[in-house]
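Below is one structure, written out as C-alpha cells, with a few remarks after it.
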Amino acid sequence: MLISTSKYEIYYQAGYSIGSQLLVNDLEEVPVKIGELGMGDLKLQSAKNDKIIVKWYECLTCSHLPTIGEPQCYLETGLLAGVLNKLFKKKVEVKETKCWGTGEKYCEMEATIYPTSTNKGFNFIFSEESNKLLLALAVQSVQANKNYQKALLGYINDVKELSLSNVETLFHMMPFGLIIVDSQGKVVEINKTSVHMLGIAGQRVQGRLLEEIIPLTNYSEILTASKPQVWTFKSEKGETIIVIGMPFSAHVKNEYMLFQLLPAERELVHHLLESITQSEIGIEYNYKVGEDNCSKPFQFNHIRTLNWCFKNVLILAQKAAKTNATILIVGESGTGKGVLAQVIHQESFRRHGPFIRVNCAAIPSELLESELFGYEEGAFTGAKRGGKPGKFELADGGTIFLDEIGEMPLNMQAKLLTVLQEKVVERLGSTKARKIDVRVIAATSRNLEKMVQEGCFREDLFYRLNVVKLLLPPLRERPEDIPLLVEDILKRINEEYGKKLRISPAAMEYLLSYSWPGNVRELENVLERAAILAEGQEIQPQHLMIDYFGQNKSIKKISPLCEVQMEAEKEAIIRTLEAFGGKKSRAAKALGISRQALYAKMVRYGLLKK
C-alpha cells in the first residue's frame, strides 16, 4: 500500500526503510522489535495462509487524537510492511482496516503476503547516512502535529474564530518550519518558525531563490524525480537543521514544492536514534569479521584477543574514541583497519552522525579533490547542475575515514592539511569557505615515516595525522587469536548458510601452521570456501585449500597442536619480558597470570638463567 500523496509517502517510506532492517527470525518477534522503537503496542490477531492481522494499540501517529474520519497511520503501515518483507522475503502489502482516526479504540493492520520472492523494498533516493535520520524526521513530524492538535484543542475556547480551513493561519502556527517554493525555486511563502530557525528575521524572503537561504538545495531534482529528498545543513547559529523537500500540486497547472525544517538537536530525535541503536538496527555501522559490513553495531567489548600487543592497541583506541583526536591506524592489508575505524566512531560521541569512508587509492588523482571537497555548478565540464557537496561536508557532525592515506598525491596532501588546520572546506570553483565539524581517522598499510624521508609524504601532514597512532599486528604475530577468530567466523557462516559446521583438530593445526599473508580477511575467505566444500559438519584440511592461491610455500611443517601452543606461549613470554625490561611481576600481570605461574612456565621453557 503506497499512498500517492507525497506527504504520506515519505512517512510510509521512512517506516519501510527501518522495518526492512529490523533483526527478526520469526513472526512472534515482530511486535517485540517494533515495541522497542517506542512505536506502540502490537498484538498478533491471526496469521492464516497469506493474511496476517495485527491490532496496534497506543499508535504513535494517531492515539489520543480527535477523530478526523480517515486512516492516517502511514508510518506504522510502512514499518509493518518493511519488517514482514525482511522476514518472509516476499512481496508484502499492508493496509489499515481500522484506525483511531476513524473513531476506533485501536488501529488494525491487514498484511497480504504474495508468492513473489523479493529482497527489495523501495528504490530509496535517500543517502545511506540519512536512513536513521529519516525515521527520526518522520516521527518528529508526526509528534509535532500531535502536539499542535492537542494545543489547539486546549485553547479552542480562545480561538473559536479560527477556522481549520484557514490554511494561512495554520501555516504560521505550525511548530516546525514550512516553506513553499515554486517550480523556479523561488520562495512563495515561509512561516515564522522557518524565519526564526534560519535566523533571517527582518529580511525579505518572498521571491528569493531557496538556495540563497538553505544550502545544498536542489529543487530541480525534486521536481524531475517527483520524489522527496532529505538532507541536513548548519544554520547561521551553528545548529544542525534537517530539511525534507517534497513536490505537490497546489493547482492543476502550477507545480509547487513544500520544504519542512526540523532542528536535529530536539530531544526526540536523539531519543529515537538511541532507540534504533539499542534495537540493533545496522545501517552502515556494520561489522563482519575481516570486512566492514555486518548486521549490528560492533563495539570494543565484542573484540576478543589473547595477544597482549593487540590488547594494548584496543585499550589505547578505546581511550582515543572518547576524544576528538585525529587517529592514524597502521597495519597490513586485511588486519581490520576499517573495522577498527568504525568501532571507534561507534563508541564516540559522534556515533549518531555520519561515518563517511573514502578510499584514497581507489579514486583517480584528478577526481580526488572534487570527491573530498565538492564542487560548484560550472566548476568544470560535466559538473552536476547545482554543484555537489564533498565527502567532508557529508561527514559534518560525524567521522571521515581516509583509507590508504599513503596513496594521496602530494598536491592533495597540502589541501588536506589546510582543511585539518582551519576546519573549513572550499568547493572546487568556489570562493566561499564552509565550516565543518569532522573527526578524521586515517589508515595506511605503508610506512609513512619512510615516505616522509623519501619526500613522498608531507612531514607537516604526517604530524597532523599522527596524534594517536594505532599499530595493528598482523595475524602471523598473534597465532593465539586464530582459534577465537575461527570460532567467530564459523558462527557467522553457520547462521548465514544454516549449517552447524565445526573445525576438526587436524584442520586447526593446518590453520595454525600457515603464515597468513592476507591476515584476517584471508582467514575468513578460506573458511567460507571450506564451508562450501565440506560435505558433512566438520571441516577437514582438504577443505581449506590454502595452497589454492599458490601460498603452499608459506606453509610450515605441520606439528601437533600442543607443540604449536607451547611455542606460541614461549614466544609470548619472551616478548613480554623484553617489553618490561625483564621485570617478571609486570610481565606476569600483562600476561594475565600469577608471578608463580610465570616462573613455572619459564622453567618449563628453559628461560631462567642459571
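Please read all numbers here as calculations on a predicted model, not as lab measurements.
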Do [X] and [Y] come close enough that some side-chain heavy atom pair is under 4.5 Å?
X	Y	value
Phe401	Ile327	no
Lys601	Lys570	no
Ile400	Val358	yes
Glu528	Arg492	yes
Leu512	Pro483	yes
Trp56	Asp41	no
Ile574	Glu578	yes
Leu87	Leu27	yes

[X] side chain vs [Y] backbone, donor-acceptor pair below 3.5 Å:
X	Y	value
His345	Ile441	no
Asp26	Glu29	yes
Arg351	Gln346	no
Trp516	Pro479	no
Lys322	Glu347	yes

Check whether the side chains of [X] and [Y] place a donor and an acceptor atom closer than 3.5 Å, and report yes or no.
X	Y	answer
Thr305	Asp481	yes
Glu538	His543	no
Asn494	Arg502	no
Gln540	Ser504	yes
Glu110	Thr97	no
Ser348	Arg439	no

Working to the nearest 0.5 Å, report the span between [atom1] of [X] and [atom2] of [Y].
X	Y	atom1	atom2	result
Arg529	Leu544	CZ	CG	8.5 Å
Asn519	Thr335	CG	OG1	5.5 Å
Asn25	Lys33	CG	NZ	8.5 Å
Asp488	Leu484	CG	CG	7.0 Å
Ile113	Ile52	CD1	CD1	4.5 Å
Lys55	Gln45	NZ	CD	4.5 Å

Going through the distances and angles, do Val83 and Val24 end up as a side chain to side chain contact (heavy atoms under 4.5 Å, CB included)?
CA-CA 8 Å; Val83 71; Val24 291; 3.9 Å; yes

Residue pair [X] / [Y]: nearest heavy atoms and the distance that separates them:
X	Y	result
Gly518	Glu522	N-OE1, 2.7 Å
Gly406	Leu448	CA-CD2, 4.0 Å
Leu316	Lys469	CD2-O, 3.7 Å
Leu394	Pro354	O-CG, 3.2 Å
Lys499	Ala531	NZ-O, 2.6 Å
Cys73	Cys107	SG-SG, 3.7 Å

Before giving the answer on side-chain hydrogen bond (donor to acceptor under 3.5 Å, both in side chains), spell out for Glu96 and Tyr74 the whole-Å C-alpha distance, their side-chain angles and the decisive distance to 0.1 Å.
CA-CA 8 Å; Glu96 188 174 16; Tyr74 306 104; over 6 Å; no

Output, in order, the C-alpha distance, side-chain angles, deciding distance and verdict of side chain to side chain contact (heavy atoms under 4.5 Å, CB included) for Glu404 and Ser445.
CA-CA 7 Å; Glu404 299 299 342; Ser445 57; 3.5 Å; yes

Of Arg476, Arg446, Lys337, which meets salt bridge (charged side-chain N to carboxylate O under 4.0 Å, His left out) against Glu332?
Arg476

Any chance you could lay out the side chain to side chain contact (heavy atoms under 4.5 Å, CB included) test for Phe300 and Leu340, step after step, and finish with the verdict?
CA-CA 9 Å; Phe300 282 107; Leu340 183 58; 3.9 Å; yes

Test log, rule side chain to side chain contact (heavy atoms under 4.5 Å, CB included), inputs Thr77 and Met109
CA-CA 7 Å; Thr77 306; Met109 313 290 183; 3.8 Å; yes

Pairing of Glu571 and Arg575 as salt bridge, 4.0 angstrom limit:
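Result for this pair is yes, salt bridge flagged.
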
More than 12 non-hydrogen atoms from neighbouring residues, nucleotides or ligands closer than 6.0 Å to [atom1] on [X], yes or no?
X	atom1	value
Lys589	NZ	no
Lys51	NZ	yes
Lys43	NZ	no

Less than 6.0 angstrom from the centroid, inside 45 degrees of the normal: does Lys90 satisfy that with respect to the ring of Tyr114?
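Negative - Lys90 is either too far from the ring of Tyr114 or too far off its axis.
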
List the steps and the verdict of side-chain hydrogen bond (donor to acceptor under 3.5 Å, both in side chains) for Arg521 and Ser333.
CA-CA 8 Å; Arg521 185 182 292 118; Ser333 177; 3.2 Å; yes

